[in-house]
Amino acid sequence: MSTDKKLGTKIIHFGGEIDKTTGASSVPIYQASTFHHFSLDNPPEFDYSRSGNPTRQALEDYIALLEGGARGFAFASGMAAISSAFFLLSSGDHVICTEDVYGGTYRLLTAILTRMNIETTFVDMTDPEKVKAALKPNTKAVFLETPSNPTLKITDISVICAWAKENGLLTMLDNSFMTPYHQRPIEQGVDIVLHSATKFLSGHSDVLAGLAVVANESLGRRMKQIQNGLGNVLGPQDSWLLMRGMKTLKVRMEGSEQNARRLAEWLDSHPAVEAVYYPGLPGHPGREIHEKQSSGYGAVVSFDVNGGERARKLLSEVKIPLVAVSLGAVESILSYPAMMSHAAMSREVRLERGITDGLVRYSVGLEDIDDIIADLDAALSHLQG
Ligand SMILES: *Cc1c(COP(=O)(O)O)cnc(C)c1O
């Protein structure tokens with residue numbers, strides 16, 4: 001696939017959409033752990049499925065094309081992709097990370113990598129000066145997540161990356177909320193893009209997967225060694241299922257975003273709602289920066305209903321969304337960060353980061369928006385008084 005086509009076309013014609021040997025209309029699921037050596041002198045392209053599998057390879061090439069990177073890697077989960085990227089670091093290294101990072105990444109950095117003698121400083125990345133102030137002699141990497149989870153704060157990707165480059169730091173960015181359809185961080189200077197493909201990329205709440213895309217071939221060789229060495233690869237069936245989901249990325253991202261914009265505006269004027277976090281709202285402090293680096297606002301809207309009791313009541317009253325951990329699916333998903341995705345954080349740290357007891361996160365699906373609003377309106381009416 002030539003790279004001059006528009007993204008919507010690349011999503012469909014990514015190079016692996018036709019099986020090279022039979023012309024079949026999808027990549028076959030190569031359910032094999034190993035590959036026969038027809039000749040010992042000419043070893044086969046694929047040798048053993050941990051090191052490489054044709055179905056997984058098609059997915060890896062697919063995500064590399066969409067992100068505009070040199071090479072892609074598929075992992076067993078988003079956390080497997082993120083933790084593999086951190087294996088590029090060594091004992092004694094220091095990381096600067098956005099403070100309202102995904103809860104699982106926070107747990108990895110604070111409870112696991114600390115034992116490997118990798119330390120992290122969490123900073124408010126909406127202010128580049130705070131990032132610069134966190135630099136230490138042993139700083140090796142900067143981890144960004146924008147919009148952040150669950151408070152949708154915006155980091156200026158190109159400003160942070162330019163500074164990181166000057167200081168020889170590796171940059172990694174969790175792009176799960178935006179997907180390459182709305183935001184391509186490698187074009188803005190990021191070295192490694194990471195995804196929980198469990199979310200918008202797969203889009204149907206039926207596969208757990210992670211993806212990484214690196215900006216250049218030398219990082220590609222290092223990531224390949226890590227993926228093969230850790231063995232946390234995505235299996236061929238899930239690789240196929242993920243590609244199946246990715247083919248509809250454009251219409252799903254557009255449809256759910258359109259719904260999310262309507263929902264955010266409606267919530268913003270609702271008396272039972274204390275605050276709404278959505279980068280598409282006129283009052284969002286990061287809106288201008290977000291618009292500079294992304295082509296859409298995404299489908300995640302967080303809002304504060306003022307107190308844990310009221311949040312619990314809301315979760316028990318809604319009829320349309322799945323009340324669950326996760327996001328980015330055809331169906332709406334309402335989650336409660338304080339008790340779900342960010343339960344690994346102490347209450348004190350959580351409150352410091354704006355993840356209050358009244359904060360809920362609505363991942364807007366593809367249902368009719370009028371029904372989503374009517375459902376929430378009925379649920380919110382039970383909170384009055
Ligand atoms: C869900 C999520 C992850 C973790 O991905 P898994 O596939 O659950 O391992 C990482 N980052 C973000 C932003 C997420 O939403």
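Hydrogens, waters and symmetry mates play no part in the numbers below; they use all other heavy atoms, side chains included. Model, not experiment: these values are computed from the prediction. Order of appearance sets the numbers: ligands from 1, and atoms from 1 within every ligand.
The proximity of S326 to ligand 1, defined as any non-hydrogen pair under 4.0 Å, does not occur for either the backbone or the side chain. In L194, neither the side chain nor the backbone holds a heavy atom less than 4.0 Å from any atom of ligand 1.
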Verdict with reasoning, M172 to L170, per side-chain contact (heavy atoms from CB on, under 4.5 Å): CA-CA 7 Å; M172 313 181 199; L170 191 67; 4.0 Å; yes

Residue pair H94, T121: steps toward the side-chain hydrogen bond (donor to acceptor under 3.5 Å, both in side chains) verdict: CA-CA 8 Å; H94 171 249; T121 302; 2.6 Å; yes

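Of all protein heavy atoms, the one closest to atom 2 (C) of ligand 1 is K199 NZ, 2.4 Å. Given atom 13 (C) of ligand 1, the protein heavy atom at minimum distance is D174 OD2, 3.4 Å. Scanning all protein heavy atoms for the shortest distance to atom 4 (C) of ligand 1 gives Y102 CE2, 3.3 Å. Among all non-hydrogen protein atoms, the one lying nearest atom 9 (O) of ligand 1 is M79 N, 2.8 Å. With hydrogens left out, the protein atom closest to atom 7 (O) of ligand 1 is T198 OG1, 2.7 Å, a heavy atom.
Listed by number with element, the atoms of ligand 1 under 4.0 angstrom from any heavy atom of S77 are 7 (O), 9 (O). Residue contact check: G78 has heavy atoms under 4.0 Å from atoms 5 (O), 6 (P), 7 (O), 9 (O) of ligand 1. Each of the following atoms of ligand 1 lies closer than 4.0 Å to a heavy atom of A209: 7 (O).
Using a non-hydrogen distance threshold of 4.0 Å, I82 registers as a contact of ligand 1. Under a 4.0 Å heavy-atom criterion, E145 is in contact with ligand 1. Residue contact check for ligand 1: A81 places no non-hydrogen atom closer than 4.0 Å to it.
Using bins of under 30°, 30° to 60° and over 60° for the plane-to-plane angle, the ring pair Y62/F14 lands in the parallel bin.
E257 places a side-chain N or O within donor-acceptor distance of the main-chain N or O of Y297, the cut-off being under 3.5 Å.
Under the side chain to side chain donor-acceptor pair (under 3.5 Å) criterion, the residue pairs touching residues 241-252 are T248-R252, with sequence neighbours excluded. The list of salt bridge (charged side-chain N to carboxylate O under 4.0 Å, His left out) pairs with a residue in residues 78-94, not counting sequence neighbours, reads D93-K140.
Between F35 and H37, the distance from one ring center to the other does not fall under 6.0 angstrom. F86 has its ring centre less than 6.0 Å from the ring centre of F143.
Contact check on R347 versus D357 returns a salt bridge, with a Lys/Arg side-chain nitrogen under 4.0 Å from an Asp/Glu carboxylate oxygen.
Within the 4.5 Å cutoff, no side-chain heavy atoms of F73 are placed close to those of L211.
Across the listed options S196, G210, P147, S176, S196 owns the non-hydrogen atom lying nearest to atom 8 (O) of ligand 1.
Of the polar atoms of A80, none of the N or O atoms is found under 3.5 Å from an N or O of ligand 1, judged by distance alone.
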